[in-house]
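Right, one structure below, let's go through it.
We count residues from 1, following the sequence as given.
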Amino acid sequence: MAAVTSAVLVLASAAAPLRAQTVAAPPAGETACAFGAFVRETDPAGLNVRAGPGTEHKVLGTLPPMRRSSEIESLLVRVEVEVVAGRGGWFKIRGARDNDALFAGPQRPMFKGEGWVSGRKLTVKSQAGVGRARPQANAPAVLVGHDGIAFDSDAFVASGQLAGCSGRWALVEYGPLDFEGDTELEIKPAAKAGLAGGRFRAWVDRLCALQETSCDGA
């Protein structure tokens with residue numbers, strides 16, 4: 001990925017309204033969700049899919065790691081999955097598949113059934129330009145992309161990891177970001193609270209399950 005040429009991160013004033021000071025945690029217990037995500041695994045052995053939300057549960061199968069696209073130069077292709085539930089930083093997935101539009105050849109062997117994986121190994125592509133404090137369209141904004149910036153660029157997808165879900169909303173932790181070109185991103189204190197330097201999180205919608213293109217109307 002290209003190095004930063006000119007990135008502007010705008011940190012909002014800490015004197016924001018009280019209700020905007022905290023990004024809501026995922027709901028307790030198993031939560032129903034419905035969106036596409038991508039596997040961000042680098043281990044050649046692949047990602048374990050388990051029978052329940054935690055490493056104490058048995059392994060049902062594995063999902064292959066990322067690989068270079070044969071169709072789009074420099075693009076890392078990730079296995080695509082459907083996220084149907086979340087619990088405690090783990091996510092129930094199904095329908096794993098390779099993206100035939102991005103890599104020539106047959107589908108790789110992988111577990112295609114229903115099982116659980118850690119959110120640290122999943123990322124999403126959001127065409128939203130505003131991240132919220134809660135999974136609601138009228139919730140306070142804690143992350144704002146200016147000048148038409150949306151959260152679907154390679155920088156956001158590569159740095160993101162899934163932290164929670166609720167319906168068609170995903171709680172995503174990003175950073176550190178590696179921007180190419182001029183980018184202005186407003187990160188409010190609520191998005192950074194409790195996280196390591198350079199990292200921030202927000203609830204996002206308009207999730208696109210295609211790696212190779214935009215989801216018009218998402």
**Request:** State, to 0.1 Å, how close V49 and G115 come at their nearest heavy-atom pair, and which atoms those are.
**Result:** CG1-CA, 3.5 Å
**Request:** Give the intermediate values and the outcome of side chain to side chain contact (heavy atoms under 4.5 Å, CB included) for residues E173 and R199.
**Result:** CA-CA 7 Å; E173 182 176 322; R199 301 196 68 81; 2.6 Å; yes
**Prompt:** Given the rule in the salt bridge (charged side-chain N to carboxylate O under 4.0 Å, His left out) test, do K92 and E30 qualify, once you have shown the distances and angles that lead to the verdict?
**Reply:** CA-CA 9 Å; K92 186 186 293 184; E30 186 171 324; 3.2 Å; yes
**Message:** I'd like to know whether D205 forms a salt bridge (charged side-chain N to carboxylate O under 4.0 Å, His left out) with R168, so could you lay out the CA-CA distance, the side-chain angles of the two residues, the decisive distance to 0.1 Å, and finally the verdict.
**Reply:** CA-CA 6 Å; D205 60 352; R168 296 188 178 277; over 6 Å; no
**Message:** Taking Q136's backbone N and O only, do any of them form a donor-acceptor pair with W203's side chain (distance below 3.5 Å, no angle check)?
**Reply:** no
**Message:** Is there a side chain to side chain contact (heavy atoms under 4.5 Å, CB included) between K125 and L207? Walk through the geometry before answering.
**Reply:** CA-CA 6 Å; K125 177 180 177 180; L207 300 169; over 6 Å; no
**Message:** Using 0.5 Å steps for rounding, measure from the CG atom of D147 to the CG atom of L185.
**Reply:** 11.5 Å
**Prompt:** Are V39 and I93 joined in one hydrophobic group, where the rule is that I, L, V, M, F, W and Y side chains link up if heavy atoms are under 4.5 Å apart?
**Reply:** yes
**Asked** Looking only at heavy atoms, what is the nearest atom pair of A137 and R132, with distance?
**Response** O-CZ, 3.4 Å
**Prompt:** Looking only at heavy atoms, what is the nearest atom pair of V142 and A133, with distance?
**Reply:** CG1-CB, 3.9 Å
**Spacing of D152 atom CG and Q211 atom CD [to the nearest 0.5 Å]** = 13.0 Å
**Pairwise side-chain contact, N99 with E212, heavy-atom cut-off 4.5 Å (strictly under)** = yes
**Prompt:** Can you get from V124 to F38 by hopping between Ile, Leu, Val, Met, Phe, Trp and Tyr side chains that sit under 4.5 Å apart?
**Reply:** no
**Backbone N/O of K58 and side chain of R50: donor-acceptor pair under 3.5 Å** = no
**Item:** Residues R78 and E41 bridged, charged N to O under 4.0 Å
**Value:** no
**Item:** Pairwise distance CZ(F91) to OG(S118) - rounded to 0.5 angstrom
**Value:** 8.0 Å
**Message:** So which atom in A24 and which in L171 form the shortest heavy-atom distance, rounded to 0.1 Å?
**Reply:** O-CD2, 3.8 Å
**Message:** Quick check on R87: does its CZ atom have over 12 non-hydrogen neighbours (other residues, nucleotides or ligands) under 6.0 Å away?
**Reply:** no
**Partner set under ring pair (Phe, Tyr, Trp, His ring centres under 6.0 Å) for Y174, not counting sequence neighbours** = F156, F200
**Backbone N/O of T62 and side chain of N48: donor-acceptor pair under 3.5 Å** = no
**Item:** Intermediate values then yes/no, side chain to side chain contact (heavy atoms under 4.5 Å, CB included), V79 and R108
**Value:** CA-CA 10 Å; V79 168; R108 292 176 292 178; 3.7 Å; yes
**Interatomic spacing from CZ in R134 to OG1 in T22 - rounded to 0.5 Å** = 10.0 Å
**Message:** Please report the interatomic distance CG(L177) to CZ(F151), rounded to the nearest 0.5 Å.
**Reply:** 10.0 Å
**Prompt:** Is R120 reaching over with its side chain to a backbone N or O of G89, donor-acceptor style, under 3.5 angstrom?
**Reply:** no
**Prompt:** Is the number of heavy atoms from other residues, nucleotides or ligands under 6.0 Å of R97 CZ greater than 12?
**Reply:** yes
**Message:** Show, in sequence, the C-alpha distance, side-chain angles and deciding distance for V172 and R201, and conclude whether the side chain to side chain contact (heavy atoms under 4.5 Å, CB included) test is met.
**Reply:** CA-CA 5 Å; V172 188; R201 64 171 53 182; over 6 Å; no
**Item:** L60-L122 co-clustered via ILVMFWY side chain contacts under 4.5 Å
**Value:** yes
**Message:** As a quick check of understanding, evaluate side chain to side chain donor-acceptor pair (under 3.5 Å) for D100 and Q107, giving each step before the final call.
**Reply:** CA-CA 8 Å; D100 293 334; Q107 289 270 319; 2.9 Å; yes
**Prompt:** For C208 and S214, which heavy atoms make the closest approach, and how far apart are they?
**Reply:** SG-C, 4.0 Å
**Message:** Same cluster or not: I149 versus I187, using hydrophobic residues (I, L, V, M, F, W, Y) connected whenever any side-chain heavy atoms lie under 4.5 Å apart?
**Reply:** yes
**Shared hydrophobic cluster for W116 and V84 (ILVMFWY, side-chain gaps under 4.5 Å)** = no
**Item:** Minimal non-hydrogen separation, A209 against C215, with atom names
**Value:** N-SG, 3.7 Å
**Item:** From R94 atom CZ to K112 atom NZ, the distance as rounded to the nearest 0.5 Å
**Value:** 14.0 Å
**Prompt:** Is there a side-chain contact between T42 and P65, using heavy atoms and a 4.5 Å cut-off?
**Reply:** no
